[in-house]
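What you are looking at is a predicted structure, and each value in this text was computed from that prediction instead of being measured.
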Amino acid sequence: MFKGIDAQRLVAVFLGGWLVFNFPLLGLWDRDVSIGGFPVFPTALFALWALLIGVLAWLMERPGADPQDD
């Protein structure tokens, strides 16, 4: 299915997402602060989640990332 650099990039995105959504880094956003009327914690969660989906979509849909038929 995926070989070489594509598989390594997907693993790197997975590990980065795992680190970002794990407690020590996620605890950085847990404050009683609001920016523009929005609480920081849920806004940061949504932004990080959307960024992760965007990076995965970019990796999967870029030219040359088509899986070759075996």
Side-chain angles (χ1 to χ4, degrees):
M1 186 171 167
F2 290 104
K3 297 179 183 174
I5 195 74
D6 289 335
Q8 292 174 8
R9 287 179 178 155
L10 290 175
V11 169
V13 169
F14 168 76
L15 290 175
W18 181 71
L19 286 173
V20 167
F21 289 111
N22 205 352
F23 171 69
L25 291 178
L26 198 58
L28 294 173
W29 302 104
D30 195 13
R31 305 280 185 250
D32 289 333
V33 178
S34 57
I35 297 174
F38 295 106
V40 172
F41 187 66
T43 305
L45 277 179
F46 181 75
L48 291 170
W49 175 67
L51 181 68
L52 184 65
I53 289 174
V55 168
L56 283 172
W58 176 73
L59 282 175
M60 299 304 293
E61 296 295 327
R62 64 191 170 90
D66 295 331
Q68 298 177 2
D69 294 329
D70 291 318

- Can you get from W58 to L56 by hopping between Ile, Leu, Val, Met, Phe, Trp and Tyr side chains that sit under 4.5 Å apart? yes

- Note on the structure: So CG of L15 and CG of N22: to nearest 0.5 Å the spacing works out to 11.5 Å

- In terms of hydrophobic clusters joined by side-chain contacts under 4.5 Å, are F14 and L19 together? no

- Item | side chain to side chain contact (heavy atoms under 4.5 Å, CB included) assessment of L59 paired with D6 | CA-CA 8 Å; L59 282 175; D6 289 335; over 6 Å; no

- Message: To check you understand the geometry: which heavy-atom pair defines the closest contact between W29 and L48, and what is its length?
- Response: NE1-CD1, 4.0 Å

- Query: What's the spacing between F23 CZ and L28 CG if we round to 0.5 Å?
  - Reply: 9.0 Å

- Heavy atoms only: give me the nearest W49-F21 pair and the separation to one decimal. N-CZ, 3.7 Å

- Query: With the 4.5 Å side-chain cut-off for hydrophobic clustering, are V55 and L45 part of the same group?
  - Reply: yes

- Taken to the nearest 0.5 Å, the spacing of W18 CH2 from L25 CG works out to 10.5 Å

- Query: Is there a side-chain contact between L26 and F41 (heavy atoms, below 4.5 Å)?
  - Reply: yes

- Task: Looking only at non-hydrogen atoms, find the nearest pair between V13 and L52 and report the distance.
- Result: CG1-CD1, 3.5 Å

